[in-house]
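Below is one structure, written out as structure tokens; the observations come after it.
Numbers restart at 1 for each chain; the letters A, B, ... are given by sequence-line order, proteins then strands.
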2 protein chains.
Amino acid sequence: MEYAQLNALERLAGLLRNDQRRHATLSGLQMVHHDILDYLSRCNRYSDTLQAVAEYLGLTKGTVSQSVALLAEKGYIEKKPDAADGRIQHLCLAPAGQEYIWQSDVDTRSLFEEISVSPAYARVFGTILNDILWQIQARQGMKGFGMCRSCRHNKQQEDGTFLCGLTLEALTLEDTLKICREHEFAG
Amino acid sequence: MEYAQLNALERLAGLLRNDQRRHATLSGLQMVHHDILDYLSRCNRYSDTLQAVAEYLGLTKGTVSQSVALLAEKGYIEKKPDAADGRIQHLCLAPAGQEYIWQSDVDTRSLFEEISVSPAYARVFGTILNDILWQIQARQGMKGFGMCRSCRHNKQQEDGTFLCGLTLEALTLEDTLKICREHEFAG
DNA sequence: CAATTCTGTTTTGAAACGATACTATTTTTT
DNA sequence: AAAAAATAGTATCGTTTCAAAACAGAATTG
């Protein structure tokens, strides 16, 4: 990938970032809160724990513990104990949290929705973006926080549904698009 | 622009972000320090002030003042008083700061350099990215923090050099690619 | 020259953050 | 089955971020 393209991508990422920051500030939240809520909206049910959030964001669990406590107190997050493992608490988006993410999405979309990509290029653009994402996931050490779709544990079955070979649970198509902590790239 | 594309873009931006965070942490810096140094490496000589940094990052000047003080103390930034205006201090990257940005760039590049975009698509991809950037700048309220290249004050002269109609100073080609606080989109 | 605007600092209190130590639960080893 | 190790999360400490507000100096405006 060429330098000019990466540069443009970085600038775009920065603009997206500033947009998210503006939205977080308006809600009286810090960026890290936005990042936490955003992750929780994208991860699957095996990856919605404090530890996973900390790993994904590159923060210590102590730090995340505090921020999550605050988010829970403010009503953005609900902690639900795991049925099988007494150590684990699942972090679920409470209504206020879902509303926040939804609003953030609407805002960002409004920045981009009127951007016109010529129809001839539109499909190529989407294809390239997803191709790059796929390749990065493949490259990024094979382990952790990829989409189930590209995970070696994920198997499509005869009837079209999916099965995770690790948890032996059935997955819907939507499930396979979420971020999983146990992700291992399907070499 | 379609939803799937924006989604992929957001994911990519997130991955870039995590990469930057990792690099900042390894250098013992916070994300906000990375953002400040990154901005200073991209802005022009009219936009390297504390106030401009604060506006660009959406933080208060008090906050930025403290973080800049720390960066200066650690040797990443040098404060240079303005020749004409006694209130203004220019924030310049000291050698350590340039080294940090350079390293960060190398790291990020290494994540992307082996990503192969088929040559046929490569040019299209670059074109689309820059087109999107241009359109966002046009849309984003016309004012502030765009590249001189798209600014109405920037005029190309007969000999090929550039002139800023606001400051009446000559600009090099490189200058016109930097971020300027006074940017106004050339309708 | 007085009023206002602009740039930057300082202070205060809430919260982020890393480091460390800690408890509790599960898994692995012996 | 008991001991050890690994895992998930909390609590506490000191430093730093962050917003808000008060502040000081320099430039501009009237």
Side-chain angles (χ1 to χ4, degrees), chain A residues 18 21-22 24-37 40 43 45-74 76-92 144 166-167 181-182, chain B residues 18 21-22 24-37 40 43 45-74 76-92 144 181-182:
Chain A
N18 288 352
R21 199 191 312 263
R22 197 171 313 125
T25 302
L26 286 176
S27 300
L29 298 182
Q30 300 288 338
M31 257 332 256
V32 68
H33 298 142
H34 175 97
D35 288 335
I36 291 172
L37 295 175
L40 291 178
C43 73
R45 57 182 173 278
Y46 315 128
S47 314
D48 60 353
T49 67
L50 195 147
Q51 182 74 30
V53 171
E55 281 174 27
Y56 184 76
L57 295 182
L59 301 171
T60 62
K61 50 186 183 171
T63 297
V64 176
S65 179
Q66 283 180 304
S67 294
V68 162
L70 194 88
L71 281 170
E73 192 198 339
K74 286 191 176 181
Y76 289 90
I77 283 178
E78 211 176 328
K79 293 184 184 180
K80 295 182 181 169
D82 187 89
D85 191 328
R87 298 168 297 182
I88 295 179
Q89 289 193 319
H90 294 277
L91 306 175
C92 305
L166 194 66
T167 62
R181 191 186 178 185
E182 306 291 346
Chain B
N18 288 352
R21 201 191 310 262
R22 197 172 313 126
T25 303
L26 286 176
S27 301
L29 298 182
Q30 302 284 342
M31 246 347 244
V32 70
H33 298 142
H34 175 99
D35 287 336
I36 291 173
L37 295 175
L40 291 178
C43 74
R45 58 182 173 277
Y46 315 127
S47 314
D48 60 353
T49 68
L50 194 146
Q51 182 74 30
V53 171
E55 280 175 27
Y56 184 76
L57 295 181
L59 301 170
T60 63
K61 50 187 182 164
T63 298
V64 176
S65 178
Q66 286 178 306
S67 293
V68 162
L70 193 88
L71 282 170
E73 192 198 338
K74 286 192 178 183
Y76 288 90
I77 282 179
E78 210 174 329
K79 294 183 182 179
K80 295 182 181 171
D82 187 88
D85 191 327
R87 297 169 299 182
I88 296 178
Q89 289 193 320
H90 294 277
L91 306 175
C92 305
R181 189 186 178 185
E182 306 292 345

Which residue lies more 5' along DNA chain D, comparing Gln89(A) with Thr25(A) via nearest heavy atoms: Gln89(A)
Of Glu55(A) and Arg21(A), the one whose closest DNA chain D nucleotide lies more 5': Glu55(A)
[X] near the nucleic acid: base, sugar-phosphate alone, or nothing, with a heavy-atom cut-off under 4.0 Å?
{"X": "Gly86(B)", "answer": "sugar-phosphate"}
{"X": "His90(A)", "answer": "nothing"}
{"X": "Ser67(A)", "answer": "sugar-phosphate"}
{"X": "Ala52(B)", "answer": "nothing"}

State, with a plain yes or no, whether a side-chain heavy atom of [X] is found less than 4.5 Å away from one of [Y].
{"X": "Leu29(B)", "Y": "Leu37(B)", "answer": "yes"}
{"X": "Met31(A)", "Y": "Val32(B)", "answer": "no"}
{"X": "Arg21(B)", "Y": "Asp35(A)", "answer": "yes"}
{"X": "Tyr56(A)", "Y": "Asn18(B)", "answer": "yes"}
{"X": "Lys79(B)", "Y": "Leu91(B)", "answer": "yes"}
{"X": "Leu71(B)", "Y": "Ile36(B)", "answer": "yes"}
{"X": "Val64(B)", "Y": "Leu57(B)", "answer": "no"}
{"X": "Gln51(A)", "Y": "Arg181(A)", "answer": "yes"}

To the nearest Å, give me how far apart [atom1] ([X]) and [atom2] ([N]) are.
{"X": "Leu59(A)", "N": "dG9(D)", "atom1": "CG", "atom2": "P", "result": "15 Å"}
{"X": "Tyr76(A)", "N": "dA15(C)", "atom1": "OH", "atom2": "P", "result": "13 Å"}
{"X": "His33(B)", "N": "dA16(C)", "atom1": "NE2", "atom2": "P", "result": "17 Å"}
{"X": "Gln51(A)", "N": "dT23(C)", "atom1": "CD", "atom2": "P", "result": "19 Å"}
{"X": "Leu50(B)", "N": "dC6(C)", "atom1": "CG", "atom2": "C1'", "result": "13 Å"}
{"X": "Leu26(B)", "N": "dG18(C)", "atom1": "CG", "atom2": "C1'", "result": "14 Å"}
{"X": "Gln30(A)", "N": "dA15(C)", "atom1": "CD", "atom2": "C1'", "result": "7 Å"}
{"X": "His34(A)", "N": "dA15(C)", "atom1": "NE2", "atom2": "P", "result": "21 Å"}

[X] side chain: which of [options] is closest?
{"X": "Lys61(A)", "options": "dC17(C), dT10(D), dG8(C)", "result": "dT10(D)"}
{"X": "Leu70(A)", "options": "dA16(C), dA24(C), dT7(C)", "result": "dA16(C)"}
{"X": "Arg87(B)", "options": "dC17(C), dA8(D), dA26(D)", "result": "dA26(D)"}

Would you indicate, yes or no, if [N] has its OP1 or OP2 atom less than 4.0 angstrom from a side-chain nitrogen or oxygen of [X]?
{"X": "Lys79(B)", "N": "dT9(C)", "value": "yes"}
{"X": "Ser65(A)", "N": "dA11(D)", "value": "no"}
{"X": "Arg181(A)", "N": "dA8(D)", "value": "yes"}

N/O donor-acceptor pair, side chain Thr63(B) with base dA19(D), under 3.5 angstrom: yes
Within the sub-3.5 Å range, which N or O atoms of nucleotides 12-14 of chain C have a protein N or O partner, and how far apart are they?
none

Earlier contact from the 5' end, DNA chain C, for Ala84(A) and Thr60(A): Thr60(A)
